[in-house]
Amino acid sequence: MVHNKQQEIMKSKELAKNMRKNILLMTHRAGGGHPGGCLSATDIIAVLYKCFLRVDPNNPSWVGRDYFFLSKGHAVPAQYAVLMEMGFLAKEEIKDFREIEGRLPAYPSCEITPGIDMASGSLGQGLSIANGTALAARLNNSDQRAYVMLGDGELHEGQVWEAMMTAAHFKLNNVCAIVDYNKLQLDGSIDEVKTLGDLNAKWASFGWKTIEIDGHDYEQIYNSFAEAKGFKEGPTVIIAHTVKGKGVSFMEDEVGWHCASPTDEQLEIALKELS
Amino acid sequence: MKIAPRDAYGQALVELGRENQNIVVLDADVAKASMTILFKEAFPDRFFDLGIAESDIVGTGAGFAVAGKIPFVNAYANFLLGNGWDQIRISVCYANKNVKIIGHNIGASSGKDGPTHLPLEDIALTRALPGMTVIEAVDGVEVKKAVRALANHIGPAYLRVGRLPIPVITKEEDPFEIGKANIIREGKDVTIIACGVMVSKALKAAENLAERGIEAEIINMHTIKPLDTTTILKSVAKTGAVVTAEEHTVIGGLGGAVAEFLSCTKPVPIRIVGSPDRFGVCGSYEEIHEVLGLTPENIVESSTTVLSLK
Ligand SMILES: Cc1ncc(C[n+]2csc(CCOP(=O)(O)OP(=O)(O)O)c2C)c(N)n1
């Protein structure tokens, strides 16, 4: 079992490496996008897809699938990248990111991209969606799980707190939220713009089980998903401390890389760093 | 005879709930007003009270739709469209999810609750959304057919439901098809296109006009979007003049839809009867309708105006 876990983690790391490269290629080629918030989320998304999420690339709308909603939709290149690794999308589609043709719009579209279950791009909406699917799964006596990733800045949106109450009220033990707590948003740091205070205490007081981890430590990521899955009393949030731009030295912890595209030169340096 | 649309709505949900296990009903702490309480009593497992959270309820409904359920999402129209519009825009319409948005207490039907509670803008807000179907049934009998049609319809939809009893003017056997308007009175001089309670007022107006030798054709435009342009064109070819009537602002509602269409295809004189560009007032249903000009007299006057412009 332990051996298995280590193997899975190794594979997830490999996957994350490819994801990071492809995120950079996508944002570079498109001349836009949000690399910072993709890179902070990459390790978590890699472990989720590789080790926990039950989905089928040959049948993306399989009725028994688990759901993953990227509520911070601007980080969708991270999801495209994982969908490429998992075989939902082809690597050649990298060139389609943000283009009029193809299946890779700037923000998630469930209408044109296989493996994506909900549109997003307007922050704040994903947790409600996850709750709806989780309630439906319960009605169907299905063991499907709903995962949703939220940005830390996104938590300023009131709807998130409405949905937090909903998940707790209905004791949705099949909902797992992940906060990509990279401490930065668009205008600056979270603490400059509007502080979140004691985030762990806030979720806990709303009736959630909280797990706080280093969102780049694979052992911790893996264990937190496993623990969330095993927790039966209600919903779980994984508060993942991350670094925006993780993996590319000049992007790390730099608010300027929230929304920016690497130059040819920067791309070259970044790809070198990643290999 | 009068029936409150919300009573018919609540009963229809129960009937459908019996037939279709996939139907789920969500409410935002107004189940006793929306009459989804009937569904709650009949099918407690498939009823979800999301509390006073109109953004969350829309998203949760969309989640149910992702998982293949048929969610009916209920709240007061003013708050649902106000607080939930972006969620309706992105999580329902752009995502193209099979969610039924049900706006309650529409128009002046909250009466003395006053301006904050009188949704006079909900048609405009929903009609502007790509892919959205917008329906207002003409009476309690038609409400049941509309709910049934919506349950079978796949895609985003908005249904306006009123709180107070309004006249019943259709029969059980009358047809109802989404997007297909019903002509309920034939005439050759002026076309009156109305929805909801204003159809019965148009019938009164037609009686008055008939006494003056003016024959009005009345169209019950229960589906405001997609607009039944075929029926409109056919009628207008005959009459050459149009009056619209709705329990809604004159901006962006049924009148707007008809005017947009006709001005680009067959310009004819048009008058729009609806609330002027203002908020409602505290008052009885009838008093508010008086203040806003939602009266048979106003339909008569508008009809004579368009006739004089022919
Ligand atoms: C409702 C809404 N308001 C504003 C925006 C514009 N916007 C896009 S990303 C962003 C900052 C997001 O910060 P955070 O949630 O912390 O994401 P991350 O730092 O992980 O990229 C903003 C304000 C939006 N997409 N949606």
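Letters go in sequence order (proteins before strands), and every chain restarts at 1.
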Going by the side chain to side chain contact (heavy atoms under 4.5 Å, CB included) test, name the single residue among B/R160, B/E142, B/M221 that passes it with B/E136. B/R160

Below 4.5 Å, heavy-atom pairs only: which of A/A136, A/G124, A/G121 has the largest tally toward chain B? A/A136

With a 4.5 angstrom heavy-atom cut-off, is it the side chain or the backbone of A/S120 that approaches chain B, or both, or neither? backbone

Specify which of B/K69, B/Q21, B/Q87 makes the most heavy-atom pairs with chain A at under 4.5 Å. B/Q87

Passing option when B/M35 is tested against B/V30, B/V14, B/D7 for side chain to side chain contact (heavy atoms under 4.5 Å, CB included): B/D7

Interface moiety of B/V58 toward chain A, non-hydrogen atoms closer than 4.5 Å: neither

Side chain, backbone, both or neither: which part of A/L135 has a non-hydrogen atom closer than 4.5 Å to chain B? both

Checking A/R138 against chain B: side chain, backbone, both or neither under 4.5 Å from a heavy atom? neither

In terms of heavy-atom pairs under 4.5 Å, which option from B/A53, B/G68, B/G51 contacts chain A the most? B/A53

First locate atom OG1 of B/T36, then atom CZ of B/F72, and finally report the distance between them rounded to the nearest 0.5 Å. 12.0 Å

Distance-only polar pair, side chains of B/S34 and B/N74, donor-acceptor under 3.5 Å: no

Under a 4.5 Å heavy-atom cutoff, which of A/Q144, A/Q159, A/H169, A/E111 has the most pairs with chain B? A/Q159

Do A/N200 and A/T210 have side-chain atoms, one donor and one acceptor, less than 3.5 Å apart? yes

Winner by heavy-atom pair count (cut-off under 4.5 Å) against chain A, out of B/G61, B/A67, B/S91, B/A62: B/S91

Check whether any side-chain heavy atom of A/S128 sits under 4.5 Å from a side-chain heavy atom of A/E162, and report yes or no. no

Measure the CG-CD1 distance between A/L70 and A/I45 for me, rounded to the nearest 0.5 Å. 5.5 Å

